[in-house]
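Each remark here refers to the structure printed beneath this line.
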Amino acid sequence: MSAEGEIRSTCPYCGVGCGVLLRADGRGGLEVRGDPEHPANYGRLCSKGSALGETLGLDGRLLAPRIDGVEAVWDDALELVADKFSAAIEEHGPDSVAFYVSGQLLTEDYYVANKLMKGFIGSANIDTNSRLCMASTVAGHKRAFGTDTVPGTYEDLEEADLVVLVGSNLAWCHPVLHQRLLAARARRGTRIVVVDPRRTASCDAADLHLALEPGTDVALFNHLLAAIADAGLIAPDRAGAVNGLDEALAAARATDVSATGLSGEHLAQFCAMWTGTERVVTVFSQGVNQSTSGSDKVNAILNCHLATHRIGRIGMGPFSVTGQPNAMGGREVGGLANMLACHLDLENADHRMVVGSFWNAASAIPNAPGLKAVDMFKAVGDGRIKALWVIHTNPAVSMPDADAVRDAIDGCPFVVVSDITAETDTARLADVVLPASGWAEKSGTVTNTDRTISRQRSVLPSPGLARPDWQILAQVAQRMGWVAAFDWQSPAEIFREYAALSAASAQFGRDFDISGLQGLDEAEYDALSPTRWPVTREGGRERFFADGRYYHPDGKARMLSVSQRGPAARTGPKYPFRLNTGRIRDQWHTMTRTARAPRLSAHLAEPFLDIHPEDAAQLGLAPAALVRVRSPQGQAIFRARQTNTVARGQVFAPIHWTGETAPAARVDAVIPSAHDPISGQPESKAAVVAVEPFEAMWYGFAVSAEPLAPTCEYWARSRTDAGWRVELAGLTAPEDWEHYARALFGLDDVETQMVSDPARGATRIAFHRDGVLLAALFLSDEPVIAMRDYVASLPGTAAPAVLSGRRPGDQPDPGPILCACLSVGINTILSAIEDQNLMSVEAIGAALGAGTNCGSCRPEIAELIGRSTRKIAAE
Ligand SMILES: Nc1nc2c(c(=O)[nH]1)N[C@H]1C(S)=C(S)[C@@H](COP(=O)(O)OP(=O)(O)OC[C@H]3O[C@@H](n4cnc5c(=O)[nH]c(N)nc54)[C@H](O)[C@@H]3O)O[C@H]1N2
Ligand SMILES: Nc1nc2c(c(=O)[nH]1)N[C@H]1C(S)=C(S)[C@@H](COP(=O)(O)OP(=O)(O)OC[C@H]3O[C@@H](n4cnc5c(=O)[nH]c(N)nc54)[C@H](O)[C@@H]3O)O[C@H]1N2
Ligand code: SF4
Ligand SMILES: [Mo]
């Protein structure tokens, strides 16, 4: 139940789409708790969702439009955007302009952007960061089903007896769904298999981890398809029910499974589990999609489910878990360059005609796809695009070959960025920056991974001059001359129009139909409870495909003949390592929101490169060394973490750090723009790189009450409750460290304390004012040793002994925070294990609270317990 004053909304992060209950705290912030009635989470939230209230402060927020870096009024900014776009279209044609948008936009925003570009500007040059995310799944679904349907539901995960996670780190990336899976496993003994070259947190609960060679999923699933046939599991009616069975099976039999590098024993175990269990759900995500063979990987998985008719039935089916909160909504409104609204096809003249006449379109809807993300930024780079509008995404960080993308945006004649954050790597390159209303301020709908449409409701006023994205788009469209077509007063009105379009397109019998919602009035829209589509005038429908009906013209599904192709880039003497990339538990993408919450930065405060200890030894890496990673595209610097979670020859780095937080550690600077020929999705997880020690002359660790932006070759900063903490390293040392430190912190005229140990190249400097610590800098010619979490807590306190870098003997050091929800450190947990002999995750939870909220740190707690047991046993 929601209490008085609480408003229901939806979490703005991952595609699980958890319901939240929000209450304004009267100080501009929000109290947030999980909505016990939302069907995605039934009250649960992960660490990111729980910390939402801490990310809403206004410092760093974009509050007014800016033209060439100078604050402007809306009229001038909108007029300029409309003029520049109109002028480019007039002079160079509609294909000289482009929109690059986001799977985090609300459906209503997305609908407006798509209508403007495809129906009025008359170009299909609108693409989205979903190209980097879901495009291979969309392509695979369309090839197999004739439309982009996600047949699975969250309940299927709970009703399955075997769940296979392929290229999905569900424990960190869809934590609430993972918790639902683990709860089901506790009830019914669900078995879990993880297919991932890397050992992840998701493996901790798995019965089997298949650490296949990167990019060999097609070989694995083709091998499985052959095993399915050998086990006699292909129902006799299948040949009539699906097309392409014989060809797909022949291609599967021709595949050499040795490419996977998996042992015969593991392969046999996997095939036996799959063939021996009817209720199988195969969950897949970016390890599948982000590949030059991404679409084929998807179809190799779908083939196995189609061959066995384990699809759309309870507890069975392929299940693409979507990343962004509205990746699904974006696909539904046709936000990709090769799609039309309501799952209709751009290439189909009848589809174009119905949509065009419904919109009363000013231009003919283009009959061919527009530029997909990689090609779009190439066209920006070579001058074909004269005006670009980037909305709700940060491509200068997240696109492959990011330095080239950054330079392309910088060189484009006219760039507009709509964002909520004043300084992002992309916004910094724009001619016009437009302030958007943020999550808690705007209203609309999103569709989550299992097709459930949920309302996002506004609880806070928009700060400064910020406006909702749909409104900014509509106001530009109206200034371009299309007044009536973009004349909405509310998001509800846009939603009604969209639902009515789905009614008009229902004649084509596509899967996507929300015509039952076209009559919602403002109050009903406002009250809309989570609703799974389709919603026709006759009612809903829970499942697709169990009846054997698909969306190809003949009503049948297609199995595809797919063959194994490795990643585009090959390792060799110059680039001997395979670089894999992905997410960490507590940060979201380019960190513009999550990095504002100190507790979310406490888990992993610095960009890192995971490398196998034997590779590290061969490279001569000292503990905590910095490494330089080079590829043909560019380079980056990371802190090396030696771990056998990665295989020899493979390294892994997170995607989150940017020019704002660690400018040398933007991982996409080293990722090539090679992409899947069918989906256009880049191969973000399989670059080839060289790794070498970064020969720093000095290392530093700084804490400060105020933000600071150093200028040395490597730095990485994160927020703490007391201010900021920063890691630094440089290739040349300044002559005067005190002078350097003053400049770094911008401090003059303050009390200075300094100690030096020239023998070890160590210097420590602290600045106080009126007995309160403002900032401190620890320097060394080796990586700095200090109790970082403790020192980082000191700014703003008297901190008399800060220069020791150690907590005074009488106070225990909690160590790095493991449980972000309840701020419990590793050392606190370790002492509880050792001193109180608490040997289960539940016992730790009861004693310390750790792991009892979102549960995503439970695997790590279990690992700490496991290690202690081993230690005790070894003694
Ligand atoms: N904490 C957090 N959660 C998030 C996000 C976030 O930024 N932070 N982002 C959201 C978004 S937009 C997305 S798209 C999802 C992504 O969710 P996931 O896809 O689960 O996350 P990733 O970490 O990108 O990649 C998943 C795994 O693919 C593996 N992998 C790499 N190459 C291969 C391969 O060739 N084959 C196989 N089988 N696996 C491979 C990687 O080792 C990695 O563990 O997460 C969503 N949730
Ligand atoms: N190497 C590598 N690269 C990857 C990936 C990978 O796994 N490996 N993953 C890819 C994937 S799956 C994804 S989804 C992308 C994500 O990459 P991006 O989409 O580039 O990252 P975000 O940080 O989510 O960018 C969202 C931006 O929108 C702003 N914003 C927040 N709220 C609003 C709002 O309401 N309105 C507006 N207008 N702006 C707002 C934020 O401040 C931020 O600047 O990264 C991709 N890049
Ligand atoms: S799992 Fe976490 S990030 Fe994803 S929607 Fe739920 S609370 Fe938000
Ligand atoms: Mo994504």
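Counting starts at 1 for both ligands and their atoms, in listed order. All of these numbers come straight from a predicted model, not from anything done at the bench.
- Residues Thr449 and Thr322 have side chains that bring a donor and an acceptor to within less than 3.5 angstrom of each other.
- Those atoms of ligand 2 with a heavy atom of Asp469 less than 4.0 angstrom away are 34 (C), 35 (O), 36 (N), 37 (C), 38 (N).
- When each atom of ligand 2 is checked for a heavy atom of Thr581 under 4.0 Å away, the hits are 1 (N), 2 (C), 6 (C), 8 (N).
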- Give the intermediate values and the outcome of side-chain contact (heavy atoms from CB on, under 4.5 Å) for residues Asp586 and Thr594. CA-CA 7 Å; Asp586 290 349; Thr594 40; over 6 Å; no

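- Looking at Val629 and Val651, their side chains never come closer than 4.5 Å, going by heavy atoms from C-beta outward.
- Counting only N and O atoms by type, the side chains of Thr137 and Asn289 include a donor and acceptor under 3.5 Å apart.
- A salt bridge is absent between Glu441 and Arg457: the closest approach of a Lys/Arg side-chain nitrogen to an acidic carboxylate oxygen does not fall below 4.0 angstrom.
- Only the side chain of Ala436 comes within 4.0 Å of ligand 2, counting heavy atoms alone; its backbone N, CA, C and O stay farther away.
- Applying the salt bridge (Lys or Arg N to Asp or Glu O under 4.0 Å) rule to pairs touching residues 106-117 yields Asp109-Lys442, Lys115-Glu497, sequence neighbours excluded.
- Each of the atoms 5 (S) of ligand 3 lies under 4.0 Å from some heavy atom of Gly17.
- Considering backbone and side-chain atoms together, Ser102 places no N or O closer than 3.5 Å to any N or O of ligand 2.
- Listed by number with element, the atoms of ligand 2 under 4.0 Å from a non-hydrogen atom of Ser418 are 37 (C), 38 (N), 39 (N).
- Residues Leu579 and Leu609 meet the side-chain proximity criterion, which asks for heavy atoms closer than 4.5 Å.
- For Trp389 and Ser418, the side-chain atoms include at least one donor-acceptor pair closer than 3.5 Å.
- Here Met399 has no heavy atoms under 4.0 Å from ligand 2, in either its backbone or its side chain.
- In this pair, Tyr13 and Trp588 present their aromatic rings tilted. The plane angle is within the 30 to 60° band.
- The single protein non-hydrogen atom nearest to atom 13 (C) of ligand 2 is Arg583 NH2, 3.8 Å, given as residue, atom name and distance.
- Side-chain atoms of Gln633 and Asp668 form no donor-acceptor pair, as typed in the model, at a separation below 3.5 Å.
- Of all atoms in ligand 2, numbered sequentially from 1 with element shown, those under 4.0 Å from a heavy atom of Thr424 are 44 (O).
- Atoms of the protein (N, O or S only) found under 2.8 Å from atom 2 (Fe) of ligand 3 are Cys46 SG.
- A donor-acceptor contact closer than 3.5 angstrom links the side chains of Ser291 and Ser293.
- Close contacts of ligand 2 with Ser437, meaning ligand atoms under 4.0 Å from a residue heavy atom, involve 34 (C), 35 (O).
- Close approach of ligand 2 to Thr590 is summarised as follows: ligand atoms under 4.0 Å from at least one heavy atom of the residue are 21 (O), 22 (P), 23 (O).
- Contact annotation: for Thr592 versus ligand 2, heavy atoms closer than 4.0 Å belong to the side chain alone.
- No side-chain N or O of Thr107 forms a donor-acceptor pair with one of Glu332 less than 3.5 Å apart.
- Under a 4.0 Å N-O distance rule, the pair Glu660/Arg428 qualifies as a salt bridge.
- At a 4.0 Å heavy-atom cut-off, ligand 2 touches Asp668 through the side chain alone.
- Atom CD1 of Ile391 is separated from atom OH of Tyr100 by 12.5 Å, given to the nearest 0.5 angstrom.
- Between Gln324 and ligand 2, not a single N/O pair is under 3.5 Å apart.
- Distance from atom 29 (C) of ligand 2 to its nearest protein heavy atom, with residue and atom name: Asp419 OD1, 3.0 Å.
- Here is the list of ligand 2 atoms found below 4.0 Å of a heavy atom in Gln290: 5 (C), 6 (C), 7 (O), 9 (N), 10 (C), 12 (S).
- Given atom 20 (O) of ligand 2, the protein heavy atom at minimum distance is Ser398 OG, 2.6 Å.
- Protein heavy atom at the shortest distance from atom 26 (C) of ligand 2 is His392 O, 3.4 Å.
- Between Phe608 and Trp657, the two ring planes are perpendicular [angle over 60°; tilted spans 30° to 60°].
- Looking from atom 24 (O) of ligand 2 to the surrounding protein, the closest heavy atom is Gln104 NE2, 2.7 Å.
- Each of the following atoms of ligand 2 lies closer than 4.0 Å to a heavy atom of Thr421: 42 (O).
- With respect to atom 19 (O) of ligand 2, the closest heavy atom belonging to the protein is Asn129 ND2, 2.7 Å.
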